[in-house]
Each structure stands twice: as structure tokens, then as C-alpha cells.
Amino acid sequence: MSKQNGSATRNGKKHVSDESREYSVGEDLRQRGVSRRDFLKFCSAVTAALSLPVSFAPKVAEALDEIKRPPLVWLEFQDCAGNTEALLRAANPTAAEIVLDILSVDYHETIMAAAGHQAEAALDKSITDYKGKYICVVEGSIPMKDGGVYGCVGGKSFLDLARKVCGGAAATIAVGTCAAYGGIPAAVPNPTGAVSVKEAVPGATVINLPGCPVNADNLTATIVHYLVFGKIPALDAFGRPLFAYGKRIHDNCERRPHFDAGQYVEQWGDDGHRKGFCLYKMGCKGPLTFHNCPSQRYNEKTGWPVGSGHGCVGCSEPAFWDSMGPMYKRLPEVHGFGIEAMADKIGIGLAVGTAAAFAVHGAIMAINKDREPGDTTREG
Amino acid sequence: MTRTQVHEHCKLKRYIWELPVRWCHWINVFSIVTLTATGAFIAHPFSVAHSASDFAMGWVRFLHFAIGYLFTVSVVSRMIWLLIGNRYAGWREYFPMLTARGRAKLRDMFRYYLFMSHQVPETIGHNPLAATAYFLVFCIYIVMILTGFAMYAQHAPGGLMHRSLGFMYALFNTPTLHLLHHSLPWLLLGFVINHVYSAWLMDIKEHGAEISSIFSGYKFTLKKEDE
Ligand code: HEM
Ligand code: HEM
Ligand code: SF4
Ligand code: SF4
């Protein structure tokens, strides 16, 4: 009997969800009618998403075959539920279903059957019974202002919940830009003092999967990585897994040949736009953004924003709403000159001003009769 | 004829700008001109290509990066020469306001530029006003180089260059890197207008071969030492 079950049975009652944890993931999937073929296909897709060599696919399959279902709780804070949507709408039965099947999702406000106190009890139970073992997924930012009064569930503030649940998790996955960096709620003027999970609970082990929304494939891959290797994937300076955020959009973009060639969309709907030219001049933030959108794509790999003809808006970068704007301009706007002026206008003004000032100076100097150093005889 | 009389009528040929100072100056001029031109295309490209297999932006960026390296080597060399070069090339020259004599020279030059005096001051090394600006120009060089390489290193995250520039990413987000790198050249342009005008002005007024000094290294001055 597993240790997990041991703690569960101490209450005298055996829970259904605990029983299913007895099964390994592979076995569980088989019972649910997922064919071996689909399972292996899923394993190779995840291996690819993790940027691991193909030879790892059987190892992933083997590991998943044996692994016990870890409990998972999904918290929603200041969010739009877009990340939940992204996961549930993942077309590939394999991606979403398998994750949901692999994991024992004990708590998820949007999709759980239980409600009210019953739901809160389930959460409490999971986090006490599996302290230090469960995975926590957080969607949405956490309001800190005024003691965190701007958001609560079951009478507890988001901040208290985050501290309690994320603090006791084996790992917390912050999905979407709001959980990872504060996102839209944290944009200026940030009325609720919204912060990211890592800022709210600095002690927690947090993996950031920013994006608006998160790419469900990246979430799956992160979880599988954790299950297979028993540790979190390598992260970059912003806490993002390198396998998904280790390359710039611009460096993997299918429109890149047009960028290098010098073929740009000049106007929405122009000839270049129809021909799929580069969106650089339309304010594409692909050169500033690290994400695997061009290779991983969305909706069963059918498309991604730039592929569909709209520039990247940099949704997976910290503070993107404030720093990556304006959406259709390549560079930020410069404020503080009374009017909103672009850097170049200020620059031209400066250059013209200097030139004019020196032209006048030169004219006066030309008229002036100056004495050469030490020379008293000559003027010039 | 006494020695003093010689001083009053003849100018002395003096070696001021050593070879590395002149080389660095002209390499910097070349780099800044080409980097500004290529940078302007990167900032505001126009559709020049006829087919997707052209490489217009590719070559412009390649030039920008290659010359960026040249510029960096030149700036770093000049910074080393700040420490080991002659007195006119030393770093102290950039801070005339720190010594009483430097302040006096600054005042004279300032009065002359503001038409308050018609006595052209003689400068043996840097023009003290210009020297003050050179310090700022060097700061701009360094920021251009750091932001340039910080943007450049993003093509290979996790690489040596990217890791060494980690502090840049901690200080500035990527849009700010671009904005700084995009805006500071305007300050350089403002400086250059001023600079070339001043060199021309002082060449005419001082009769010391100011402009040719940055090619030959020699200036012609009345005073023997920097008295
Ligand atoms: C005084 C010297 C320089 C000038 C005047 C200059 C000018 C420019 C300008 C105007 C841009 C366009 C910026 C934008 O709108 O995003 C640019 C981009 C860039 N520069 Fe420079 N630059 C200089 C030095 C350097 C150096 C030393 C490097 C180092 C390799 C460098 C690397 C870059 C890079 C990587 C970009 C972005 C290219 C891209 O996004 O495709 N620059 N430069
Ligand atoms: C991109 C354009 C230029 C820049 C950024 C620039 C910058 C500089 C700097 C930083 C120095 C100080 C030298 C040192 O201490 O190493 C200098 C000196 C000098 N430059 Fe330039 N320069 C430019 C173009 C020119 C041009 C076109 C001329 C010729 C008309 C010129 C004439 C001189 C002269 C005569 C000096 C020595 C005088 C002094 O240092 O007071 N420069 N320049
Ligand atoms: S569309 Fe955007 S990401 Fe793609 S090559 Fe152009 S600028 Fe880069
Ligand atoms: S292309 Fe850019 S804006 Fe779109 S999802 Fe990817 S990172 Fe976000």
C-alpha cells in the first residue's frame, strides 16, 4: 500500500480518488480506453515539446507507465479563466484528457462537481494529506493592496490561499501571464496591487508558464517532465522553462525569411500582408519575445498569432501590457514632453536645434574680430 | 634675438595625438556613421526585396553587427589608452572641472564661446569644453555597446554573451533596450554637429592646425609647455 493511501485511510474512510491513485498512469489510461497507440503518440509529442531527443520517448512512456497519479489542485485568482479554457479546449484528446487523466485533479473551481463548503473541504484535505507532494497550478494574479481584500474564495483572501496552498506544494505552476508576472491586473495603475505567485509567496517552488493564455502543450510537458524526472525543468532568469521559452519567436518564425529578405507588410490588408510578409513594421514583438509559439503552436498545432497574420504582442514577457505597447508600434512611446512624441521626433528636434544654434554662433563668430593666441598684430 | 622673442613670433610644432588616439578616433567616426546608417535601416526598413530569397535586411544586420564589433574593439582600446597614453590622452583630461587650472581654462573658453571675450584661448590638448562632452560621449558609446550586445545576445539565450550580460536584462526590459539603443544615436548626432563645428571654428581662430591634428597628431602652439 502506498504511503499516500496510508495517510488517507487514517481517517477511517477510503476515498474513491485515493483508490484510483493505486493504479499507475499507464494502467489508468488503459482502463479509460486510451489506446496504447494514442498513449505512445502522446509520449512522443511531449518528448518533442520538451526538446528532448526522440530516443527519450520510450523512456517517457515507461516512466508514465509506472508513475502513480499525483494529486493536483488548480487555483483561480484574478484571472479570465482563459488558461482553463486553453486546457479544456485542447483539441488533441491526448493532450488535455491525458493530463487530466494522469493527474488526479482534486480541486478546480471551474470544472469540479463539488461546490461550496464541500469543495473547500476537498482542497483542505488534499493539501493536508499530501503536504509537500501535490502539484499546484495557479491561474491569475494575487491582489496585495489593503491586506488582499480584493479577492477571496470561501472567506479566505487569495493571498492567504496562495501562501497556504502554494507554500505546501511540491511545485507550483503559474500558468498564464497573470499568475507568472501579474499580467493585466498588475498593469498600470494596478488598482489592486496585483502581483505574481512568486512575489506573493517567495518561498514557493514556482515554474512560470506565461502566455495569454498558456499553451496547454507546454503545461502538459512541464507536468510530464516533473513526473518523469522527479524535478522541475531548467528555468531561465524569469522562471520560465527553457524548453518552451528558450528561443525568441523571431528566430523560429515562419515569416523570418521575409524579414531577412526585406519584405514587410506596410499596411494591414496590403499585398505583402496577403502574401504573408514579415509583420515587423506593424509592431510585431516577436524580436522581443521568448516563447515556442512558432513551433508548438495552438489548437492542435493548426496556427499561432503571427501565422494568422497578426504581430506578436509579447504576451509571455514580464509586464508586457505596460512595456510592449503600443501594440502596433515597434518601439515604446516617449512620454513627458507635454505631447506624446516618438523618440525620433525628439531626436530630430534636438539635431535641428543644435545645428541652428551653431549656425547662428558661426555667423556671429565670422563677424567677430578675435585675437589669435599671443598674437597682437593680426586679427582674424 | 632672445628666446622669448622666438616664442612670441614662432609657433612650436608639438606632438599631441598619438597614433592610437588618431586611429581610434577615425575608426569610431567610420563605425558611428555606418552603424547609424545601418541602424536607421533596421529601425525603419522599407520593402526592398523582390523575392524571399533576397537578403537585404540580413546583410544590413550583418554589417551592423560586424562593425559593432569593430567599434567595440576601438572604444575598448581607447579606454586602455586613457590609462597608458600621453598626458593629452589621459582620462584626467576629460574632467577639467576638477582642477583649479582646468576650471580657469574652462572659464576662458566659455567666455570666448559666449562672445564675452575676443581673446582666443590657446589649447594644447583637448578643448576643455569639448573634453567635458567627450566624457558623456564615452558614456553613450558604452551604453550603445552594452544595449547593442544585450539585444544581439538574445539570439542565443543561455550562451556566454547572454549570461555575461545578465545584469543588463535585470536593469532593462527588452523594449527599453531597443528604445535606448534607438534614441541615443540622436544625442551622438547632436554632439557631432557641435563637435565638427567647434573643430572648424577653432581651426580658423586658433591657427594651430586643429583639424589636421587629428590626422597628423601635431598641433602648433605658442606656449612651449602646458604652462
Ligand atoms: C554608436 C553605435 C551604434 C549606433 C548608432 C547604432 C544604431 C542602431 C539603431 C538605430 C538600431 C535600431 C534600433 C531599433 O529601432 O530597434 C540598432 C539596432 C541594433 N544594434 Fe546598433 N548601433 C550602434 C552600435 C551597436 C553595437 C556596438 C552593437 C553590438 C553588436 C549593436 C547591435 C544592434 C542590435 C543587435 C540591434 C537590433 C537589431 C534587430 O533588432 O534586428 N549596435 N542599432
Ligand atoms: C562621428 C563623428 C565623430 C565623433 C563621434 C567624434 C568624437 C571625438 C572624440 C570622442 C574626440 C576625443 C578624442 C579622444 O580623446 O580620443 C575627438 C577629437 C577630435 N575630433 Fe572628432 N569625432 C567625430 C568626427 C570628427 C570629424 C568629422 C572631425 C574633423 C572635422 C573631427 C575632428 C576632431 C578633432 C580635431 C579632435 C581633437 C580635438 C580635441 O580633442 O579637442 N572629429 N572626436
Ligand atoms: S513576423 Fe514578427 S516574429 Fe516573424 S520575422 Fe517578422 S518580426 Fe520576426
Ligand atoms: S505569438 Fe506572441 S503574443 Fe501571441 S501567444 Fe505567442 S508570445 Fe503571446
Heavy-atom pair count under 4.5 Å with chain A, highest-scoring of Tyr169(B), Trp200(B), Tyr113(B):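 Ranked by contacts with chain A, first place is Tyr113(B).
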Quick one, [X] and [Y] - any side-chain contact, counting heavy atoms below 4.5 Å?
X: Leu288(A); Y: His178(B); answer: yes
X: Ile346(A); Y: Trp186(B); answer: no
X: Tyr280(A); Y: Ile42(B); answer: yes
X: Arg248(A); Y: His155(B); answer: yes

Over 12 foreign heavy atoms within 6.0 Å of [atom1], [X]:
X: Phe62(B); atom1: CZ; answer: no
X: Trp268(A); atom1: CH2; answer: yes
X: Tyr15(B); atom1: OH; answer: yes
X: His118(B); atom1: NE2; answer: yes

Which answer fits [X], side chain, backbone, both or neither, if we ask what part of it has an atom under 4.5 Å from a heavy atom of chain B?
X: Phe277(A); value: neither
X: Pro318(A); value: neither
X: Arg256(A); value: side chain
X: Leu242(A); value: neither
X: Ala355(A); value: both

Chain A heavy atoms under 4.5 Å from Leu187(B): which part of the residue, side chain, backbone, both or neither?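 For Leu187(B), backbone and side chain are both near chain A.
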Using the side chain to side chain contact (heavy atoms under 4.5 Å, CB included) rule, take Asp344(A) and His182(B) through it: C-alpha gap first, then chi angles, then the decisive distance, then the call. CA-CA 8 Å; Asp344(A) 288 343; His182(B) 182 100; 2.6 Å; yes
Worked check of side chain to side chain contact (heavy atoms under 4.5 Å, CB included) between Phe358(A) and Leu201(B): CA-CA 10 Å; Phe358(A) 282 105; Leu201(B) 178 72; over 6 Å; no
With Tyr197(B), which residues qualify under side-chain hydrogen bond (donor to acceptor under 3.5 Å, both in side chains), at least two apart?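 Testing Tyr197(B) for side-chain hydrogen bond (donor to acceptor under 3.5 Å, both in side chains), a comparison that skips the adjacent residues, returns His361(A).
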Can you confirm whether the side chains of Glu266(A) and Ser47(B) place a donor and an acceptor under 3.5 Å from each other?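 A pair is found: one side chain offers a donor N or O, the other an acceptor, under 3.5 Å apart.
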